[in-house]
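All values below come from the heavy atoms of this structure, side chains included, with hydrogens, waters and symmetry mates left out. All ligand and atom numbering here is 1-based and tracks the order in the structure.
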Amino acid sequence: MFNKVLIANRGEIAIRIIRACWELGIKTVAVYSEADKRSLHVSLADEAYCIGPAPAPKSYLNIDAILHVAEKAKVDAIHPGYGFLAENANFARAVKKAGFEFIGPHPDAIEAMGSKINAKKIMKKAGVPLLPGSDGPVEDVDEAIEIAEAIGFPVVVKASAGGGGMGMSVAYSKEELEKVIESTKLIAQNAFGDSTIFIEKYLENPRHIEIQILGDRFGKIIHLGDRECSIQRRHQKLIEEAPSPIMTEELREKMGESAIKAGKAINYDSAGTVEFLYQDGNFYFLEMNTRIQVEHTVTEMITGVDLVKEMIKIAAGESLQYDQEDIEFRGHAIECRINAEDPLNDFVPSPGKIKLYRSPGGPGVRLDSGVCGGAEIPPYYDPLISKLITYGRNREEAIARMRRALKEYVIVGVKTNIPFHRAVLEEEDFLKGNISTHYIEKKFEELKDKIVKYELEARDLYSVLSEKVFERGKEIAAISAGLSLYISQIVRENGEDSPIKFKENK
Ligand code: MV4
């Protein structure tokens, strides 16, 4: 096993990885930008090194600076977390070339899934269900129209180098398709430096359901069931749960089997996720994420498997100790991503200092937080403050616990999306599990009044818990000082006959 691991990340995921390392008896090295000097992941780690200025390209994306620290601190391995360099095949290669282990899959797997056209090609060959579309790049408008007419409108035009929602356009007719081909190519070229596009049948009201897999370096691959990730806004997930409200044992087996086929096709050897779109009883491969994901926690809660520890053990060359039959699914888990953002102002980020912090706890509550009271949420990175996860024997209990935990949670100083989560967790269709990727856009107006209500309730509570308590204290002190002055004046004026009797204090 490794003796020391460098964590090339920040915030809650850096802390999550520190926890896994400590449980395995591994020492931890944090890296941080100048904006993160006083952040929690830095104070928790056994050692910490500054790697550059606040902007990510100068720090958390600076491969040379990270490798320099790895050498100086004499680590054995590097964990990239999610985001930043997690799915950069060249980083994984550079880590290995410098003599360190990369805690993630082999670089060719990262690269293979980075091109969406290539990923689809591999999955088709492996027998994973796909949406009908172009079997490769689409070169011009005529070819696009020919394919669209064969598979039927609507179709979606996607950037091959994209993913996570960047660079895709929907067309409902030949005319619309003519318009979006060139514009999508241009967007793809500007965003990814690669104008390659492809088209596929567009699903109008799908769910996003993904399967967690674990593969080791001896060719064994298992799946750890599904996650429902449909509650998202502009491709940022906000609520995830395991299992999906629509999951059956039969469907999970089928999706699990497809995910394992996907993993086997690229000799996958770490924790990974196979994303599917689900509609009307059918599911289709979307993308594969070759990293640990934000929402891995809900899978951990219902399977009891520590995914981060498993990926570290796999990278250290250990064989997977679980067989598929060992994985049992028990109960239900929900995760709310707590962001520093204003749900009533188009969810704009709300960086700043957390003046007051009270975290929830109690039965069935897990809080993976990147902050504590007094922490600064810098404007340079993702505004994720923490992940609040609740577990219950069933979905109803997990929801009841989430509502209760959100009620306990106090964050003063920055705006948060807690009022938004509280509103969703009382909304009828959410409670019924009636959701799709369009849930938020469809429901936002309906949710607004409740968000306002919870926002105001939070403000009241905050004023009781924070400044206003101090203000009230000062007010009361002033009144009582004035009162005692007034009383002593009455006593002086009326002598011993005063209606208010005082004992001489001699
Ligand atoms: C789709 C789709 C419907 N039909 N592809 C968005 C992110 C990127 N990973 C792929 N995405 C989609 N691809 C077809 N053929 C709908 C989406 C989509 C979506 C997918 C998952 C989660 C949220 C989403 C929100 C909007 C659109």
Checklist entry - Could Lys313 and Glu310 be called an ion pair, given the rule that one side-chain N must be under 4.0 Å from one carboxylate O? => result yes

Checklist outcome for this item: Residue set satisfying side chain to side chain donor-acceptor pair (under 3.5 Å) with Tyr380, at least two apart, ordered chain then number -> none

Checklist outcome for this item: Sequence neighbours excluded, the answer for ring-ring contact (aromatic ring centres under 6.0 Å, His included) partners of Tyr268 is none

Next on the checklist: With no hydrogens and no angle check, just 3.5 Å: does a side-chain donor-acceptor pair link Tyr409 and Ser386?
Outcome noted: yes

Checklist entry - With hydrogens left out, which residues have an atom under 4.0 Å from ligand 1, given that only heavy atoms count? => result Leu131, Val156, Lys158, Gly164, Gly165, Met168, Glu200, Lys201, Tyr202, Leu203, His208, Gln232, His235, Leu277, Leu286, Glu287, Thr437

Checklist entry - For Asn88, which residues count as a side chain to side chain donor-acceptor pair (under 3.5 Å) partner, sequence neighbours excluded? => result none

Checklist entry - Are any of the side-chain nitrogens in Glu397 or Arg401 under 4.0 Å away from the carboxylate oxygens of its partner? => result yes

